[in-house]
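Report on one structure; see the data block that follows.
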Amino acid sequence: MSAPKIQAIRGVKDILPGEMPSWQVLESTARTLFDTFGYAEIKIPIFEATELFARGLGATTDVVEKEMYTFPDLDGKSLTLRPEGTAGAIRAYIEHHLWTESPLTKLYYVGPMFRHERPQAGRFRQFHQVGAEAIGSASPLLDVEQLVLLDRFFRALGVAPVTLLLNSLGCLLCRPAYRDALKDFLMTRASGLCEACQRRIETNPLRVLDCKREECRALTRDAPAITSYLGPECVGHFDAVRAGLDDVGLAYTLEPRLVRGLDYYTKTAFEFTAEGLGAQNTIAAGGRYDGLVEGLGGPPTPGVGFALGIERVIALFTKGNPASPSADVFIATLGDHAKRRVIGLVTALRDAGIRAETDYDQGSLKSQMRRADKLGVRHTVILGDDEIAKGTAVVRDMATKAQTDVALSELVPHLRRLSP
RNA sequence: GCGGGUGUAGCUCAAGGGUAGAGCACUGGACUGUGGCUCCAGGGGUUGGGGGUUCGAAACCCCUCACUCGCCCCA
């Protein structure tokens, strides 16, 4: 009988009105705080040329290899729904020569990202991030500033406790030496590693350290640490970041195994994790990407950024914001004459800035009163044909049940006085 | 891509081969034009879909779809 049901595609959620208070609190907190820290909002496209992500994130990353929503445009050009925000932000930075306006550009963005992963708790195919990028300075103070910004953001929302994991991935100069050393080490243990890790020895040895399997973790426990292969510049940067964190009193945990999944990271890499989210416990992550701007065709420009997962953060803070009353005044009508007057009346009230509601289908007075009660209005206007004949309406105070007759011509100013 | 779990009313869940139920929500009545509390009544289901076993299936078997949790990976 009924037409086939169409439902939202897998891993994609509707965010219903009942959930919006949490989202609005999060987003307005972010906007206020990011603005305070000197970051300006940018809106960037939800889809881009596929090549941007392939070049920006690294062609062999999991995200690029198997998680992107990629499709041909009508002219055959390959497009991709953005799996993250940094690449697009950098593309915009380059395209609009933002470095000419100021040596340092600090941006933030809010919006949906898309990855074709198997959904589970805290992981969706369309999810939302707030991201920030500071482009144009290699100063470790910016790394520190972003960590402080995240810390303050989580505090403002009452999300606690969170743990900050910190590592340095070195730069393009010191990483090859470490890579070789790690590779040599892994070769000696290869037979004990899981299949995926054996493959990673060649493709991306750093990622072996990040493997969650106990066997792999045990075998790599005494693997060489990246931090002992850092060149003087990277060591200096890492030390400065840590000193800065100490100066502002922000606690962190060194995690030599922390490896990000995207190839553009250099030097500082970090993650904020929280308890109680199931397997997906990372709520924000980021790091420095000193080679990315140049890699995407811009001038050599250092940068640092992060993204935080809105859905995951929202899952952590009490969404007990009671729904506010959705109207100030309800107009109940009885009879055809009254019904004909109601659209004019609600319009006059709304023009006066009063949130007015009515029963469009004119049920029984009882059902209209019930709805007025449910809406939480302070006053209900009862407009029946009897009142119309007298040129008045009844105004009922829902709390005291007191009712007064008010001339129709006086109704709007009367209610305006009652509900400021 | 690979595993486990779950699909019954709008929602949360019962019924474990023998007439599909409750609570909440919704609608109406008690109170001919007056909300919350109480009581009464009512509407609403091809038990996710398809096939099989059986006199008889929501239940047992197979397939499929969806959701969900986990692996991989990530925010």
[N] OP1/OP2 closer than 4.0 Å to side-chain N/O of [X]:
X	N	answer
Q368(A)	G35(B)	no
T380(A)	G35(B)	no
Q129(A)	A75(B)	no
K13(A)	U68(B)	yes
K366(A)	C31(B)	no

What's [X] touching, base or sugar-phosphate or nothing? Going by heavy atoms closer than 4.0 Å.
X	answer
F124(A)	base
E387(A)	base
S367(A)	sugar-phosphate
L334(A)	base
R370(A)	sugar-phosphate
R10(A)	sugar-phosphate
Q403(A)	base
G122(A)	base
A372(A)	nothing

Which of the following nucleotides, [options], is nearest to the side chain of [X]?
X	options	value
L365(A)	G33(B), G35(B), C74(B)	G33(B)
R396(A)	C67(B), U34(B), A75(B)	U34(B)
Q280(A)	G29(B), C74(B), G1(B)	C74(B)
S364(A)	G29(B), G35(B), C74(B)	G29(B)

Pairwise [atom1] distance for [N] and [M], with rounding to whole Å:
N	M	atom1	value
A75(B)	C63(B)	P	37 Å
C62(B)	G4(B)	P	13 Å
U46(B)	G42(B)	C1'	22 Å
C74(B)	G16(B)	C1'	42 Å
U47(B)	U8(B)	P	11 Å
U12(B)	U68(B)	P	13 Å
A66(B)	G48(B)	P	16 Å
U54(B)	C60(B)	C1'	10 Å

Quiz item: Between A121(A) and I310(A), which has a closest nucleotide on RNA chain B that is more 5'?
Solution: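 Final value for this comparison: A121(A).
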Quiz prompt | Salt bridge R91(A)-E48(A), side-chain N to carboxylate O under 4.0 Å | solution =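 Answer for the salt bridge query: yes.
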Quiz item: Between E387(A) and R341(A), is there a side-chain N and carboxylate O pair less than 4.0 Å apart?
Solution: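 Result for this pair is no, no salt bridge flagged.
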Quiz item: Below 6.0 angstrom between ring centroids: does that apply to Y39(A) and Y108(A)?
Solution: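 For Y39(A) and Y108(A), the ring centres are not under 6.0 Å apart.
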Quiz prompt | Whole angstrom value for the distance that separates P of G1(B) from CE of M68(A) | solution =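 One finds 17 Å between P of G1(B) and CE of M68(A), rounded.
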Quiz item: In whole angstroms, how far is the P atom of G35(B) from the NZ atom of K401(A)?
Solution: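 Taking NZ of K401(A) and P of G35(B), I get 8 Å after rounding.
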Self-check item: Paired nucleotide for A22(B) [Watson-Crick or G-U wobble; both distances under 3.5 Å]
Solution: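 Base-paired to U12(B).
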Self-check item: Flag if over 12 foreign heavy atoms under 6.0 Å of CG, D397(A)
Solution: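 For D397(A), atom CG is crowded (more than 12 foreign heavy atoms under 6.0 Å).
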Practice problem: Might you work through the side chain to side chain contact (heavy atoms under 4.5 Å, CB included) test for T266(A) and L169(A), ending with a clear yes or no? | Solution: CA-CA 5 Å; T266(A) 57; L169(A) 301 176; over 6 Å; no
Self-check item: Distance-only donor-acceptor check, side chains Q129(A) and Y109(A), under 3.5 Å
Solution: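 Their side chains do not contain a donor-acceptor pair, so the 3.5 Å distance test is not met.
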Quiz item: Where does the angle between the aromatic ring planes of F114(A) and Y69(A) fall among parallel (under 30°), tilted (30 to 60°) and perpendicular (over 60°)?
Solution: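 Rings of F114(A) and Y69(A): perpendicular, over 60°.
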